[in-house]
Amino acid sequence: MAQTCILIGAPVDSGQKRAGALMGPAAYRVAGIAAAIEELGHKVIDRGDVTIAPCAPLPHPNPAVHHLAETLAWTEALARAGEAAAAEGMPVFLGGDHSLSLGSVAGMAAHAKKAGRPLFVLWLDAHTDFHTPESTVSGNLHGTPVAYIAGRPGFAPFPPFPAPVPGERIAMLGIRSVDPAEKSALIPEEIEIADMRVLDERGFGAPLREFLDRVRAANGLLHVSLDVDFLDPAIAPAVGTTVPGGATFREAHLVMELLHESGLVTSLDLVELNPFLDERGRTAKLMVDLVGSLMGRKVFDRPTRSF
């Protein structure tokens with residue numbers, strides 16, 4: 001089924017300390033993301049990049065937290081942009097570091113609340129991003145979105161999340177780096193965590209299909225957040241937080257193909273692409289190829305066998 005995909009540039013660089021992610025939206029456009037979607041029969045509307053005004057520093061009780069004012073401004077601006085776009089089609093947020101999901105998912109939650117449908121979140125990432133501004137040691141707010149989405153306390157001065165997503169409506173695939181404070185906070189949650197040990201034993205298909213079955217049974221809206229570090233750095237080096245042992249080329253495409261076949265995805269984040277760390281655009285091109293699979297392109301089109 002043809003869709004209208006609305007590209008929203010999110011040149012966010014405030015959630016971590018390694019500069020370069022703000023160039024991500026431009027890299028996706030240069031890598032041909034619009035053409036890749038359009039050639040599959042979908043309509044693309046590019047809204048350009050969201051912008052924020054200069055921000056005065058905002059202190060936080062945790063002295064490690066940095067760029068709080070900028071991250072708060074991005075959260076509010078992206079939530080507004082995402083909610084507006086969701087009324088017209090499928091928002092695709094071009095990042096930008098993962099703190100952009102504080103805003104993108106807030107916008108999708110507000111849209112889902114208005115629609116009277118539950119929001120589900122699929123987190124494709126090496127990290128759980130379950131810190132709060134109070135618990136983070138690094139002070140990097142790109143490690144906090146899932147905690148915000150799930151309604152954990154400790155997010156002042158951020159606006160309350162529009163409709164916190166219960167743990168049973170969140171699934172994480174590809175996890176392989178979790179801080180002790182995050183582990184402690186995750187234990188009582190019902191979030192499904194398919195770390196690489198689980199995926200080594202079960203494969204990517206089984207846990208993903210089980211989650212998608214729950215989304216379908218609830219008539220839910222599905223937001224997918226795809227971090228470059230979900231992928232193995234051998235195939236996707238353009239990320240500031242490389243963690244060995246990520247998804248392979250075929251595993252990543254399988255995930256995207258299964259998501260397409262489900263017909264459930266209603267919004268998408270593409271985050272943590274740092275073109276400054278890329279090799280002749282190979283990571284940007286791979287991410288665009290994965291979007292192509294999500295939108296219906298098969299890596300191999302095989303004729304149906306007759307027996």
Side-chain angles (χ1 to χ4, degrees), residues 7-33 46-55 64-79 81-82 91-107 123-129 131 133 136 138-146 148 174 177 223-233 235-243 246 252 267-288 290-291:
L7 305 183
I8 301 171
V12 181
D13 223 4
S14 61
Q16 37 78 57
K17 296 173 183 174
R18 189 158 194 176
L22 60 84
M23 299 184 289
Y28 285 120
R29 293 183 176 106
V30 171
I33 189 167
D46 190 340
R47 289 281 162 78
D49 290 353
V50 173
T51 60
I52 60 171
C55 301
V65 170
H66 59 88
H67 295 95
L68 176 60
E70 290 90 341
T71 305
L72 177 59
W74 280 118
T75 298
E76 295 171 336
L78 289 169
V92 179
F93 297 88
L94 310 177
D97 71 58
H98 220 153
S99 67
L100 75 85
S101 297
L102 294 160
S104 65
V105 186
W123 205 254
L124 303 174
D125 200 325
H127 309 88
T128 59
D129 294 339
H131 275 295
T136 176
S138 69
N140 295 334
L141 294 176
H142 71 169
T144 65
V146 181
Y148 185 53
S177 178
H223 181 86
V224 176
S225 198
L226 174 60
D227 191 313
V228 171
D229 70 24
F230 170 72
L231 307 167
D232 192 88
I235 61 170
V239 63
T241 52
T242 55
V243 184
S267 51
L268 174 68
D269 295 332
L270 303 173
V271 304
E272 296 289 353
L273 174 66
N274 186 334
F276 188 75
L277 304 174
D278 212 354
E279 300 168 358
R280 301 179 67 86
R282 64 184 290 209
T283 307
K285 293 173 185 175
L286 174 56
M287 290 287 280
V288 168
L290 292 173
V291 173

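To the nearest 0.5 Å, the span separating OG on S225 from CZ on F93 amounts to 10.0 Å. Expressed to the nearest 0.5 Å, how far OG1 of T242 lies from CG of L277 amounts to 9.0 Å. With rounding to the nearest 0.5 Å, the separation of CG in D129 from CG in D227 is 7.0 Å. To the nearest 0.5 angstrom, L94 atom CG is 13.0 Å from R47 atom CZ. Atoms CG and CG, on L273 and D229 in that order, are 11.5 Å from each other to the nearest 0.5 Å.
Of all non-hydrogen atoms in T283 and P237, the two that sit nearest each other are OG1-CD, 3.0 Å. Residues D13 and A19 approach most closely at OD2-CA, 3.6 Å, considering heavy atoms. Across all their heavy atoms, R18 and Q16 have their closest contact at O-OE1, 2.7 Å. Considering all non-hydrogen atoms of both residues, C55 and A73 come closest at SG-CB, 3.8 Å. Nearest heavy atoms, A27 versus P275: CB-CG, 3.6 Å. Between S14 and S99, the shortest heavy-atom distance links the atoms OG-OG, 4.4 Å.
Listed for the D278 side chain is no donor-acceptor partner under 3.5 Å among the backbone atoms of R280. The backbone N or O of S138 lies less than 3.5 Å from a partner atom in the side chain of K17, making a donor-acceptor pair.
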(message) Evaluate V65 against T71 for side chain to side chain contact (heavy atoms under 4.5 Å, CB included), listing each step before the verdict.
(response) CA-CA 11 Å; V65 170; T71 305; over 6 Å; no
(request) Step by step, work out the side chain to side chain contact (heavy atoms under 4.5 Å, CB included) result for I33 and L270. (result) CA-CA 11 Å; I33 189 167; L270 303 173; 3.8 Å; yes
(message) Before you tell me yes or no, could you show the steps for H67 and W74 under ring-ring contact (aromatic ring centres under 6.0 Å, His included), namely the whole-Å CA-CA distance, both residues' side-chain angles and the distance that decides it to 0.1 Å?
(response) CA-CA 11 Å; H67 295 95; W74 280 118; over 10 Å; no
(request) Go through D97 and N140 one step at a time and tell me if the side chain to side chain contact (heavy atoms under 4.5 Å, CB included) criterion holds. (result) CA-CA 10 Å; D97 71 58; N140 295 334; over 6 Å; no
(request) Before giving the answer on side chain to side chain contact (heavy atoms under 4.5 Å, CB included), spell out for H142 and E272 the whole-Å C-alpha distance, their side-chain angles and the decisive distance to 0.1 Å. (result) CA-CA 9 Å; H142 71 169; E272 296 289 353; 2.8 Å; yes
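The shortest distance between side-chain heavy atoms of S101 and Y148 does not fall below 4.5 Å. You'll find the side chain of V146 stays beyond 4.5 Å of the side chain of D125, heavy atoms only.
Applying the side-chain hydrogen bond (donor to acceptor under 3.5 Å, both in side chains) test to D49 and every residue at least two apart in sequence or in another chain returns R29.
Just one of L100, L226, V224, L124 meets the side-chain contact (heavy atoms from CB on, under 4.5 Å) condition when paired with D269; it is L100.
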